[in-house]
Amino acid sequence: MTPPLPDFRSPDFLRAHLRETMAFYDRTATDPSGGMYQFFLDDGTVTDARTRHLVSATRYVVTHAMLLRTTGDERYRTGMLHALQFLRTAFLDPATGGYTWLIDWHEGHARVLDATRHCYGMAFVMLAYARAFEAGVPEARDWLSEAFDTAEQHFWQPAAGLYADEASPGWQPAAYRGQNANMHACEAMISAHRATGERRYIERAEQLAQGICQRQAALSDRISAPAAEGWVWEHFNADWSVDWDYNRHDRTNIFRPWGYQVGHQTEWAKLLLQLDALLPADWHLPCAERLFNDAMAKGWDDEHGGIYYGMAPDGSICDDGKYHWVQAESLAAAAVLAVRTGDARYWQWYDRIWAYCWAHFVDHEHGAWFRILHRDNRNTTREKSNAGKVDYHNMGACYDVLGVVGTV
């Protein structure tokens, strides 16, 4: 049975929900031989004890750092340091500064499964180090600087003012360009500036935000306007022209799905206001409000509740699944907008999205959140966490809301 609705705006509720969500992983996630398990069924059963993905590995650092800062419980410091050590020893190639995308971990040894260098992964490496430094790991400041320098050397494209997306293990660039890596790089830069106070990070965050939310978003308007005017498209060619066909037949791809991602519009809205708090600019708030309001107008399912996953350029819903991260990022964006603007409509959206998640995504029996539901909110995967999930988005949403309604 679903428990009664709590006060979703209460800092006490948010801190308690952080602890309760992490408790799902506390029970079984830590691998004494190194790192943490990443693949779980809804009941907590580990389905793959050997495959380790860079994104999950870095996100474990972030989630433990968040719990440490919000609770002060030293067991989360232990978890954070355990995850950090694994990141440094199992994924980092000291000779090149690159991080392996996917490994097989067995009996204390890593076997590389995919050594591709992804800017998306590097963004989370930087975020992990920023959060670790903020949580009391002094060495992480230098690790953050090293990762930033590596990204600048191998991914940064000065003419575009954006990062390229992918390279070979020897740093030969691929032709694909994507907004997702740049969005999470912006997130990392915001956290890096908060942690260190270094201006280069927040200036890079502003450049990334302008590049994606203004210049690149405008490029897609000629096809999608007015269905998605000013929305952020996902995929681009090597010259940063819009690639309308990339993964057209793979709309549920875990990192590069086709279509406008409704949740990325609201995630950008949140990031723009977090950026604005550190480096104000006149365009941040209007863009954030437009992205969020339009995403809710076109992406909310009036029949079954929740926010759809993907929208085609013509405005039709191309993936009507409900993904946990979309709901989480949207409720965080609503809270940040509510505090920034004083407009009660955003609190109404915040409560509405939370109530939907409380009823359908929060697993009140086993803990954590379900990963993906059908449009009618059925859960048929039984896969609580796959590569990259580890409940980073929903715990991060609680942490972000605490940042604006309470004290972290």
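This chain uses plain numbering: 1 for the first residue, then up along the sequence. Just so you know, these numbers come straight off a predicted model, no measurement behind them.
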Would you say the rings of [Y] and [X] are close, in the sense that their centroids are separated by under 6.0 Å?
X	Y	answer
His235	Tyr246	yes
Trp369	Trp354	yes
His53	Phe255	yes
Phe124	Tyr120	yes
His264	Trp233	no
Trp171	Phe155	yes
Tyr346	Trp349	no
Trp105	Phe86	yes

Results of ring pair (Phe, Tyr, Trp, His ring centres under 6.0 Å) for His304 - residues two or more places apart only
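Residues passing ring pair (Phe, Tyr, Trp, His ring centres under 6.0 Å) with His304: none at all.
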Flag this pair as yes if the NZ/CZ of Arg117 is under 6.0 angstrom from the six-membered ring centre of Trp101 and inside a 45 degree cone about the axis; otherwise no.
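Judged by the rule (NZ or CZ under 6.0 Å from the ring centre, within 45° of its axis), Arg117 is not positioned above Trp101.
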Can you tell me how far the [atom1] atom of [X] sits from the [atom2] atom of [Y], to the nearest 0.5 Å?
X	Y	atom1	atom2	value
Glu267	Asn180	CD	CG	7.5 Å
Cys398	Asn394	SG	CG	7.0 Å
Asp282	Cys287	CG	SG	13.0 Å

Identified ring pair (Phe, Tyr, Trp, His ring centres under 6.0 Å) partner of Phe24 from the options Phe40, Tyr37, Phe370:
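Answer to the ring pair (Phe, Tyr, Trp, His ring centres under 6.0 Å) test with Phe24 among Phe40, Tyr37, Phe370: Phe40.
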